[in-house]
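A note on names: the letters A, B, ... follow the listed sequences, proteins ahead of strands, and every chain is numbered from 1. As the structure is a prediction and not an experimental result, all values here were calculated from the model. Computation of the quantities below employed the complete heavy-atom set of this structure, encompassing side-chain atoms and omitting hydrogens, waters and symmetry-equivalent molecules.
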Amino acid sequence: MQTESNKSNNIQTNTLNPEQLAAVRNIAGPVMIIAGPGSGKTRVITERIAHLINSGVDSQNILALTFTNKAAKEMKMRIKSLTNNEDSESIWMGTFHSIFARILRQEAAVIGYSNNFTIYDNEDSNKIIRRIIKDWNLDKDIYNPKFIFSRISFMKNNLISPEDYNIHDTLKEQDKRNKRVDFLKIYQKYCQTCRDSNAMDFDDLLINTHKLFQENSSIISYYQEIFKYILIDEYQDTNKAQDKIIKQIGTKYKNVCIVGDDSQSIYSFRGANINNMLNFKKFYKNVKEFKLEQNYRSTQNIVNAANSLIAYNKHKIDKTIFSKNEQGNKIRLFEYSNGREEGAKISSMIEKSILKGRKKSDHAILYRTNSQSKIIEDGLRKKGIHYRIFGGLSFYQRKEVKDVMAFLKLILNHDDDESLIRIINYPTRGIGNTTINKIRNKAEEKNKTIWQTLKSDDFHEIELTNGAKKNVSFFINIMKDLFQKINNNIFEIMELLMDRTGIIRRLKDDPTADNINRLENIGELINSTKLFSMRKNNNHLIDFINEISLDENKLNESITEDHVSLMTIHQSKGLEFSHVYILGLENGLFPSQRNMRERKMIEEERRLFYVAITRAINSVVLSYAISRFQFGTINKTEKSLFIDEINYFFIEKFKQTHEPKIGGHNLMNPPKIDNRKLKKIKLNSQNTFFRKGLEVGQSIIHNVFGKGEIRKIDNSDGNQKITVFFSAGGEKILLTKFAKFEILT
DNA sequence: CGGTAGAATATTTTT
DNA sequence: TATTCTACCG
């Protein structure tokens with residue numbers, strides 16, 4: 001895999017083309033760079049920043065906002081080598097969220113937070129909302145927690161506070177029509193809960209920054225002076241709050257450079273609005289506009305196919321993307337009878353490609369939804385092709401990891417009720433729902449946070465059974481001891497934490513496959529705290545939590561073995577691969593069911609498809625299945641409407657199956673076949689897993705237990721088990737599916 | 001209170 | 001199918 005930043009070797013010469021050069025050199029005043037896919041955008045950005053520094057601009061006066069922290073890191077490295085200047089380290093470069101979190105920690109007191117505030121992720125937010133709805137006995141169908149959360153998020157991204165909502169008739173009308181009359185109350189309560197817990201959710205990082213700047217003229221002028229030069233990548237995917245903040249900061253010096261491609265805007269579900277980009281020229285006068293239209297990445301066929309597709313979108317900036325690379329092969333389209341066949345056939349295509357001498361990492365498989373990864377995984381595994389799935393559940397989102405992290409968060413911020421509730425009975429120590437609710441009610445009554453309640457005399461006012469009281473006291477004591485350690489290094493905190501809570505002991509006592517896996521993950525977390533605490537600076541608890549809350553750190557980034565990449569199209573943004581496979585081109589899946597109703601939404605899905613195609617350097621393979629197994633039933637599907645939008649001149653169609661087509665269905669509602677009777681026969685689709693090359697007598701090294709020797713290999717059921725004797729820990733049975741180890745001999 | 005079995009329910013995409 | 005929720009029993 002390559003990211004755009006290190007793809008510059010694709011640019012034929014070492015020099016920039018005239019348009020790129022102009023975009024790099026024009027550093028004063030507002031600039032808009034429209035950068036088509038593969039147009040050397042990242043190179044232009046890095047060169048531009050390097051040019052700023054070489055022209056004498058102080059690194060500390062540059063604000064560069066990227067879409068991911070990973071992109072920021074890579075760009076920083078390139079800028080450092082371009083400028084040969086150590087100072088380039090001090091550029092303010094990162095995502096909106098991480099940069100603003102940094103500012104907010106600095107200025108927290110001004111807006112009524114303390115600087116150790118917790119950052120809640122979506123799971124935390126959802127739990128809070130679910131609790132509010134439950135506490136108030138609201139109808140779960142009308143007040144669907146997920147929906148409520150996304151609506152709250154929508155409000156926040158559009159800077160609509162509860163007060164604003166209240167005077168916003170159309171919004172109120174909408175909710176009234178849907179009988180969600182209590183939406184405002186929930187919104188208020190949710191905000192209150194976060195604030196009381198000294199916590200911010202992702203959206204709060206934006207709106208609180210906006211508020212901070214809005215209400216404090218001295219602070220905004222301070223940052224206007226700091227951020228004299230502003231550059232924002234992927235501007236097409238900014239939301240209103242982000243756009244406004246940039247306007248707040250940029251209005252003084254107006255050295256604002258936005259980079260983006262309206263055709264690649266794919267985050268409207270998160271509040272992103274292309275109009276931010278389209279209206280840029282209206283807000284600032286004399287905007288210099290540069291269009292990077294030459295695609296250095298893909299073959300002409302791929303670029304032409306993508307162009308013919310995106311031409312169906314009405315809402316877009318006029319531009320002509322072209323390629324001078326070789327013509328290349330046509331895009332290939334395959335029809336399969338079902339998802340399983342799709343997975344198998346695509347896998348064997350990749351296998352053949354690898355046999356031709358290509359690297360696995362030249363291949364990427366892209367899909368619309370995370371759940372589609374499973375079928376292709378099965379296919380690849382059968383062929384023994386290494387792959388890596390990006391995204392899905394990240395390491396830090398795993399339950400057991402979050403549980404341990406909740407202890408750390410609570411140590412840092414005692415008012416973090418969400419974390420406290422999460423761990424008061426983890427591992428189970430006899431504190432059930434009844435007890436927790438009694439405690440919560442008392443805290444509510446006293447208008448205190450839970451920890452404040454527990455540590456004060458109020459605790460004794462709660463009517464608890466003796467047993468419950470003892471258990472809660474036990475928890476309080478654990479936490480008091482841990483709180484003492486707040487300034488120790490994290491590894492020491494972790495050791496005490498494990499010792500006092502017995503998390504590891506408990507898991508070891510009950511070594512089910514799940515628990516072994518959990519144990520390994522916690523082991524990995526402990527390892528990472530060890531590494532973290534060995535850092536020279538920024539090695540405190542707050543730094544650790546900060547990085548984990550906002551960095552999409554995958555922790556297993558270090559996998560070096562050659563592998564095929566599997567990811568959603570959203571995650572492929574900014575990446576490129578020689579050979580790209582796009583699965584599941586079916587109406588209802590891609591474009592997704594929900595987005596098929598509105599033209600605006602279909603345009604977004606089309607942009608998503610455009611992004612997918614333009615990831616490819618040499619070849620694109622598309623596929624769809626005429627039936628798909630989903631939710632335990634087989635559904636007939638129809639090929640995606642996007643397929644025929646690609647000009648036939650650039651695409652080649654293959655049919656693998658000859659089943660008669662059932663015609664005449666309503667496009668919006670593909671017929672469903674009731675499969676309940678068939679289900680009883682149940683295909684034996686057990687997930688088998690065997691690790692290759694294992695032998696009795698081999699010595700291995702395990703990430704938790706260390707060195708050991710294989711004593712026995714058990715392939716009897718679908719899950720391969722090995723018995724290993726560890727010099728440190730004695731004999732253990734491991735499931736090779738989960739165990740993390742390497743063969744030594 | 002904790003564990004579990006069986007029922008109900010859910011699928012976009014993510015900082 | 002995979003995950004979450006609910007009801008019930010020890």
Side-chain angles (χ1 to χ4, degrees), chain A residues 65-72 94-101 119-123 125-127 130 134 140-141 144-147 149-150 153 156-157 200-206 234 237-239 241-242 265-272 339 366-375 378 390-394 397 399 425-436 464-465 467-468 471 510 549-553 567-573 584 588-596 601 604-605 607-609 611-612 628-635 675 679 682-683 685-687:
Chain A
L65 297 169
T66 57
F67 200 69
T68 64
N69 284 307
K70 195 175 147 220
T95 58
F96 275 90
H97 295 267
S98 62
I99 297 287
F100 293 164
I119 297 170
Y120 281 160
D121 66 12
N122 289 351
E123 191 195 333
S125 302
N126 267 310
K127 280 189 170 175
R130 222 177 300 153
K134 205 166 188 181
K140 263 196 306 188
D141 295 325
N144 176 298
K146 278 205 180 119
F147 176 85
F149 177 50
S150 74
S153 182
K156 287 184 172 184
N157 285 322
M200 299 191 197
D201 67 14
F202 287 138
D203 300 323
D204 287 334
L205 295 174
L206 304 179
E234 310 281 10
D237 281 325
T238 54
N239 60 37
Q242 293 167 324
S265 169
I266 54 175
Y267 279 90
S268 74
F269 68 91
R270 201 166 91 186
L366 310 181
Y367 34 79
R368 179 68 242 266
T369 66
N370 274 310
S371 57
Q372 284 169 265
S373 71
K374 206 184 161 296
I375 46 164
D378 289 344
F390 290 73
L393 254 208
S394 91
Q397 288 171 320
K399 186 194 168 293
N425 196 33
Y426 173 81
T428 50
R429 52 177 77 82
I431 303 170
N433 273 329
T434 333
T435 307
I436 294 173
L464 296 174
T465 61
N471 293 334
D510 178 23
S549 305
L550 292 170
D551 272 24
E552 57 286 18
N553 206 331
M567 66 186 87
T568 64
I569 300 164
H570 282 88
Q571 291 178 78
S572 75
K573 177 166 163 168
L589 185 59
F590 191 13
S592 74
Q593 191 70 64
R594 291 175 89 184
N595 287 349
M596 279 191 69
M601 293 288 99
E604 166 128 341
E605 294 278 317
R607 289 192 293 269
L608 193 57
F609 191 27
V611 167
R628 196 167 283 276
F629 193 59
Q630 217 180 359
F631 310 121
T633 56
I634 295 171
N635 298 315
N675 194 39
K679 238 174 104 179
K682 203 179 176 185
L683 301 154
S685 64
Q686 252 205 357
N687 237 341

**Prompt:** When we call it a touch if two heavy atoms are under 4.0 Å apart, what does A/Asp121 touch: a base, just sugar-phosphate, or nothing?
**Reply:** nothing

**Message:** Determine whether a donor-acceptor pair (one donor, one acceptor, N or O, separation below 3.5 Å) exists between the side chain of A/Asn122 and the base of B/dT15.
**Reply:** yes

**Asked** What integer distance in Å separates A/His97:NE2 from B/dT14:C1'?
**Response** 9 Å

**Prompt:** Touch check for A/Ser371, heavy atoms < 4.0 angstrom, all strands: base, sugar-phosphate only, or nothing?
**Reply:** base

**Item:** Phosphate-side-chain proximity, A/Ser592 and B/dT11, N/O vs OP1/OP2 below 4.0 Å
**Value:** no

**Item:** Presence of A/Asn69 side-chain N/O under 4.0 Å of B/dT15 phosphate oxygens OP1/OP2
**Value:** no

**Message:** Applying ring pair (Phe, Tyr, Trp, His ring centres under 6.0 Å), can you list everything that pairs with A/Phe269, at least two apart in sequence or on another chain?
**Reply:** A/Tyr267, A/His570

**Prompt:** The side chain of A/Lys146 lies closest to which of these nucleotides: B/dT11, B/dG2, B/dT15?
**Reply:** B/dT11

**Item:** Ring-base stacking, A/Phe629 with C/dT1 (5.5 Å, 30° cut-offs)
**Value:** no

**Prompt:** Roughly how many Å is it from CZ in A/Phe67 to P in B/dT14, rounded to a whole number?
**Reply:** 10 Å

**Complete:** Here the distance between atom C1' of B/dT11 and atom CZ of A/Arg628, to the nearest Å, is 13 Å

**Message:** Once rounded to the nearest 0.5 Å, what's the spacing between atom CD1 of A/Ile266 and atom CD of A/Glu604?
**Reply:** 7.5 Å

**Message:** In this structure, how many angstroms lie between the C1' atom of B/dT13 and the CD1 atom of A/Ile266, rounded?
**Reply:** 8 Å

**Request:** Find the distance A/Gln593:CD to B/dA10:C1' and express it as a whole number of Å.
**Result:** 14 Å

**Message:** Once you apply a heavy-atom cut-off of 4.0 Å, does A/Ser98 come out as touching a base, just sugar-phosphate, or nothing?
**Reply:** nothing

**Request:** Using whole Å, report how far CG of A/Asn239 lies from P of B/dT15.
**Result:** 14 Å

**Complete:** For nucleotides 4-10 of chain C, 5' to 3', base contacts (B), sugar-phosphate-only contacts (S) and non-contacts (-) with protein non-hydrogen atoms under 4.0 Å give -SS----

**Complete:** CD1 of A/Ile569 to CZ of A/Arg607, rounded to nearest 0.5 Å, is 13.5 Å

**Message:** Within the 3.5 Å criterion, strictly below it, is a donor on A/Thr568 or A/Asn370 matched to an acceptor on the partner's side chain?
**Reply:** no

**Message:** Just by distance, no angles: are the side chains of A/Ser98 and A/Thr95 close enough, under 3.5 Å, to form a donor-acceptor pair?
**Reply:** yes

**Request:** Would you mind reading off the distance between A/Phe269 atom CZ and B/dT13 atom C1', rounded to a whole angstrom?
**Result:** 4 Å

**Message:** With a sphere of 6.0 Å drawn around NZ of A/Lys146, does it hold more than 12 non-hydrogen atoms of other residues, nucleotides or ligands?
**Reply:** no

**Nearest-nucleotide comparison on DNA chain B, the residue closer to the 5′ end among A/Ile436 and A/Gln630** = A/Ile436

**Request:** Compare the minimum distances between each of B/dT13, B/dA10, B/dG2 and the side chain of A/Arg368, then state the nucleotide with the smallest one.
**Result:** B/dT13

**Request:** Could you tell me whether A/Lys156 and A/Asp201 have a side-chain N and a carboxylate O separated by less than 4.0 Å?
**Result:** yes

**Request:** Could you tell me whether A/Ile431 contacts a base, only the sugar-phosphate backbone, or nothing, with contacts defined as non-hydrogen atoms closer than 4.0 Å?
**Result:** sugar-phosphate

**Item:** Along DNA chain B (nearest heavy atom to each residue), the more 5'-positioned of A/Asp141 and A/Thr568
**Value:** A/Asp141

**Complete:** Taken to the nearest whole Å, CG/A/Asn471 to P/B/dG2 is 8 Å

**Fill in**
Taking B/dG2, B/dT15, B/dT13 as options, the one with an atom nearest any side-chain atom of A/Asn370 is B/dT13

**Fill in**
Sorted by chain and residue number, the ring pair (Phe, Tyr, Trp, His ring centres under 6.0 Å) partners of A/Phe100 (sequence neighbours excluded) come out as A/Phe96

**Request:** Quick one: label A/Tyr267 by what it contacts on the DNA or RNA (base, sugar-phosphate, nothing), any heavy atom closer than 4.0 Å.
**Result:** sugar-phosphate

**Item:** Gap in Å between the two P atoms, one belonging to C/dT4 and one to B/dT13, rounded
**Value:** 14 Å

